[in-house]
Amino acid sequence: MRNEIDIKNKIKANSSLFTNFVKNAVNASPKVQNNFLDVSAQVALTVQKILEDADLITNLEYKGKDFWSENKCKTACFIDGGVDKTSIISSAPLSIRTGSYIVKPDAADKNREFFEESMVFLGDLYDPKNELYDFAEDDFDEDQMLNKKKDGARIIFEAVTIVKHILLNRKFDYCFLHGPIEATVMPFTVMGFPTFTKFAVENMLPFYNKNKLNAEARHFINVYLEALNSIKKSKFPTYGIVETSNSAPYIKNLLYSYKSKGTISEKDFKNTLSTIKKYKITDSHLLEIILQSGQAIKPLEVKKQIKGFSVTSGSAWEDKMDSFPSVHIGYIKVNDHSAPIRIESLNQSKNLIKDYEYILATARLLPNYGFPVGLNVVDKFAKIPNWMSKASRKYYATHLLKQAIRSKDQNTISLAVKILSKKVRSWRNRPLGGLAR
Amino acid sequence: MNTKKWKSIGTVLGETNISEFYFSLKNYKAKKGDIITTESKIPSSEGNVVPVTVWGKISSIESSNAFFPTEAAQELTNENIDIRDTILPTTRDELICKVIILGFTLKDNLKLMPLNYPVRPAATVSYPSSEDVEALLISDLDSEHPLFIGSLLARDAVKIKIDADNLVSRHVSIFGMSGSGKTVMVRRIMDELLQKKYPMVVLDIHGDYLGFIQKQKKLYPNNQVKLFYPNLSVSSDDKEIIYTLIDKLGNSLTDPQKDFLSSLLEKVKYEGGSLLKYIELLVRKAREYASDSSKSFKNIRPASMYVVVRSLGQVAKKLKNMEQTNFRHRQKMSKLKFEELPDAATEPEKIVNKGQLSILYLKGYENLPASAIVSILLENLFKHRQEVEEEIPPFLTIIEEAHNFIPSRSEDKDNLPSVDTIRKVITEGRKFGTGVMIISQRPSRLDETIASQCNSQIVFRMVNQKDQRATTRDSETLSVDDSKQLPNLANGQGIISGQVVNFSLPVQIKFDAELINDDIGNENFITAVENWDDKESVKQRKKFAKDFSNITSIDKRRAN
């Protein structure tokens with residue numbers, strides 16, 4: 001077992017922890033700064049002891065050449081979504097798509113790999129006739145609601161893409177999603193969050209509540225829950241893979257299970273959680289120190305949607321939170337110089353080690369970045385490139401100006417010109433003062 | 001032309017203009033240098049919209065796989081993994097071709113016209129049949145006298161012809177590294193011109209064209225192929241050349257000595273003939289003046305005159321040596337019949353005649369005398385073409401290793417007599433039918449004015465960047481993309497541009513194996529050494545070498 005000094009040295013050598021350290025150095029009190037190293041080391045040491053006690057650390061095997069020649073017969077599907085970042089005053093254009101990269105290495109050339117645009121939406125969310133969301137007057141700050149709508153659309157599209165593959169009875173050995181397999185739904189439980197249109201739901205989940213697609217059924221929470229339940233029933237192993245974890249669900253649940261068993265006292269549990277929160281310690285930071293390259297943490301079952309959270313408390317959806325499936329969360333440390341990646345699934349894996357070794361092998365193909373290369377590939381495929389966004393912005397601007405000119409009203413035209421020429425207030429445009437050049 | 005039979009190979013991309021466009025190419029459907037088409041529409045002068053076929057040449061192809069991360073390559077290499085075993089994408093190569101637009105043709109008329117309206121983005125790009133490409137090239141060349149030189153580099157089936165009329169009147173330069181195919185190209189052109197009975201004078205330094213003599217009876221029974229060795233024949237009109245020769249070949253002279261030499265050339269009249277004999281005459285006369293100094297040259301001391309005498313002797317010796325070297329080379333080719341170069345001033349018809357190829361074999365001569373020989377020869381032939389009587393027909397002069405005769409000013413050799421002569425011939429050649437073909441492996445070392453007068457270029461493999469720059473500088477039609485291709489060309493592959501073709505074309509030159517000079521061999525020196533056996537004289541020398549060496553060493557011991 002490594003001692004405390006080892007852990008401290010690892011913390012010092014660790015890059016992502018260093019970033020956090022600097023952040024803390026800027027924000028936290030001097031006392032906190034002084035304690036940071038000691039606290040992190042002590043928490044890591046404690047967590048490591050518990051992990052070893054619970055036999056949760058496992059070594060994965062990776063022999064590049066042999067692994068791939070044995071596994072070339074497997075079909076893997078990688079899924080990711082892309083959203084256009086176009087923003088223009090007076091309209092809310094949304095271009096979103098999910099892509100699937102399906103590959104069977106040993107298949108003949110034309111059947112070896114497929115790039116599929118699985119789900120696509122192009123429209124304007126301010127358009128009452130848009131085909132995605134029912135039109136609703138927003139009570140909230142518009143930008144915030146708009147961003148939620150875009151996020152909601154992306155999350156549902158990604159989940160539905162997996163469902164689509166299941167419905168098409170695709171014979172995958174693995175299916176991987178770029179991001180969490182189950183997103184936190186809390187942001188969508190706010191009052192006034194619009195429901196999906198009937199058309200959208202029918203297209204996304206054709207089997208869902210065929211006879212009774214009322215507004216409640218079409219709300220994000222219900223549609224997403226339906227999609228997750230379908231994914232849970234999938235015949236092929238499906239994993240969500242997250243690059244870096246900004247929270248500590250694993251550690252918190254681990255400590256919770258030990259508290260439940262009586263191994264940790266209520267007081268120690270609460271104090272440790274408070275320390276973790278105070279020092280912004282995440283799963284990634286701790287496991288990066290504890291794990292060695294090629295090691296993994298076996299998954300823990302975690303509830304992602306926790307009833308009674310501040311925002312959802314009192315919400316009409318509060319009781320629904322328990323219906324969401326729990327998520328099995330584990331971690332793999334791919335190499336020495338990057339944070340472990342988080343592996344999420346809705347089911348307990350039957351071949352956990354084999355599955356994790358497959359994920360490790362796909363991530364080792366990016367030896368520096370340490371993330372499954374298939375997800376990197378599909379990320380590039382699904383991403384909506386800048387040239388497309390630029391073209392769409394150009395189109396919106398032209399259209400606005402055309403409309404104004406058609407009105408022949410000088411005030412409307414000058415308003416349109418003002419809108420189009422309006423500069424975004426950004427720190428880059430701040431006026432220079434004094435002798436600044 | 002049946003455009004429906006052309007295969008679709010790609011799609012025109014985003015932004016286009018009237019000179020170039022980019023298109024996305026289907027895998028393995030075309031290569032660099034290929035000629036392709038796309039259907040487009042242009043406005044006519046009557047205000048109609050006319051469908052046209054736009055023709056273009058693929059000038060570059062780039063392939064990329066945006067989905068293949070660089071660091072993945074590192075892992076594959078380190079672990080010795082076959083990419084095909086992994087989940088990495090192998091089929092997402094994107095091929096983007098750049099196309100230089102050659103022009104457009106109208107339906108049923110294969111004359112290329114300059115495009116004045118951009119091609120349509122997203123239009124289909126097609127691969128025309130070889131017959132149609134050949135038909136376009138021939139029709140567009142519109143030549144009364146086409147010369148076959150090879151095939152389109154990217155497509156063997158497309159035969160390439162160049163325009164003989166422009167070739168013989170507007171001058172052509174042929175550049176490329178040693179062994180890149182220049183001589184193969186020249187032989188090809190000479191073969192075609194011989195068939196047309198067009199007279200040619202070849203200045204051959206290495207004997208690259210002696211194969212024409214050997215194969216004359218078999219291949220060119222209706223032509224005369226003459227092989228000349230130089231005869232430095234001068235007349236009183238060539239004083240300047242003679243002065244330069246003596247000045248440069250002899251000892252360096254002071255100003256009074258130069259004055260004496262100049263006056264000597266003025267005084268000693270010569271009816272014309274061998275330069276050597278004239279120099280011998282000058283030596284005799286100079287001696288006389290030196291011994292009788294006070295009478296003829298009051299201001300020049302006899303000592304200075306004797307210096308000139310010695311210098312003239314030096315010149316005569318050097319010229320004799322060169323003559324002998326050339327003679328020895330000729331003797332090695334005893335089967336070939338060499339003739340002394342006739343006097344171009346009085347008997348030009350013996351050098352330039354209909355159907356005659358005259359090869360002047362210059363091996364063994366240093367630059368300056370060779371330059372003088374060429375200058376006198378071309379000056380006289382040009383004069384005959386200028387005269388109203390036109391005693392000789394139009395002809396083409398082929399200058400091998402041209403940097404020896406027309407060096408750049410930066411070479412500090414611009415006083416070579418051939419520079420001015422060739423500059424005059426090349427500038428006025430179009431009027432008088434005295435075309436010039438210059439061949440060199442070092443275009444950067446050539447006289448810029450002369451090189452830029454060549455309206456057509458044929459360029460072979462070239463790695464030296466200075467030479468590449470010189471080639472594009474001298475050419476109006478060779479594009480930057482073409483010049484980028486130069487280092488990668490294989491033997492016999494060249495790019496033809498200028499007035500002999502309508503647009504620059506990458507070509508595989510037809511190799512005429514039968515025109516190689518059998519006596520020169522193929523420079524296989526390893527085999528030559530393997531089969532080496534000392535000559536009898538060498539054997540004898542070696543036999544006694546040890547004995548003489550012993551005598552010398554013993555002798556040395558005694559001295560000590």
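Quick note on labels: first sequence line is chain A, next is B, and so on, each numbered from 1. Since the structure is predicted, the reported quantities are computational estimates derived from the model, not experimental observations.
- When all heavy atoms of A:R112 and B:R84 are compared, the closest pair comes out as NH2-O, 3.4 Å.
- Residue A:Y174 does not touch chain B at all, counting heavy-atom pairs closer than 4.5 Å.
- Pairing each heavy atom of B:T91 with each of A:E113, the nearest pair is OG1-OE2, 2.7 Å.
- When every heavy atom of A:K65 is checked against every heavy atom of B:E79, the shortest pair comes out as CB-O, 3.6 Å.
- Proximity of B:L76 to A:L365: side-chain heavy atoms (C-beta onward) are separated by under 4.5 Å at one or more points.
- Pairing each heavy atom of A:Y369 with each of B:E71, the nearest pair is N-OE2, 2.8 Å.
- Enclosure of atom NZ in B:K98 by more than 12 non-hydrogen atoms of other residues, nucleotides or ligands within 6.0 angstrom is indicated.
- If you measure heavy-atom distances from A:A107 to chain B, the contacts under 4.5 Å come from the backbone alone.
- For the atom pair CD1 of B:I81 and NZ of A:K72, the computed distance is 12.5 Å after rounding to the nearest 0.5 Å.
- Residue contact with chain B, scored on non-hydrogen atoms closer than 4.5 Å, involves the side chain of A:N376 exclusively.
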Report task. Kindly indicate, with the supporting measurements, whether the criterion side-chain contact (heavy atoms from CB on, under 4.5 Å) is fulfilled by B:E75 and A:V373. Result -> CA-CA 12 Å; B:E75 180 68 4; A:V373 71; over 6 Å; no

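- Contacts of B:A72 with chain A are made by both backbone and side-chain atoms, with heavy-atom separations under 4.5 Å.
- Looking at A:R364, both its backbone and its side chain come within 4.5 Å of chain B, counting heavy atoms on both sides.
- Considering every non-hydrogen atom in both B:D85 and A:P105, the closest pair reads O-CB, 3.4 Å.
- Atom NZ of B:K111 has more than 12 neighbouring heavy atoms from other residues, nucleotides or ligands inside a 6.0 Å radius.
- Neither the backbone nor the side chain of A:F114 comes within less than 4.5 Å of any heavy atom in chain B.
- Residues A:F115 and B:P89 are in side-chain contact: their nearest non-hydrogen atoms beyond the backbone lie under 4.5 Å apart.
- Around NZ of B:K41, the count of heavy atoms belonging to other residues, nucleotides or ligands within 6.0 Å does not exceed 12.
- For B:T90, the parts lying under 4.5 angstrom from a heavy atom of chain A are both the backbone and the side chain.
- By the 6.0 Å contact criterion, NZ on B:K31 is enclosed, its count of non-hydrogen atoms from other residues, nucleotides or ligands being greater than 12.
- Proximity of the aromatic rings of A:Y101 and B:F67 is defined here by a centroid distance below 6.0 angstrom, and this criterion is not met.
- Of all the heavy atoms in A:F78 and B:I87, the pair that sits closest is CZ-CD1, 3.4 Å.
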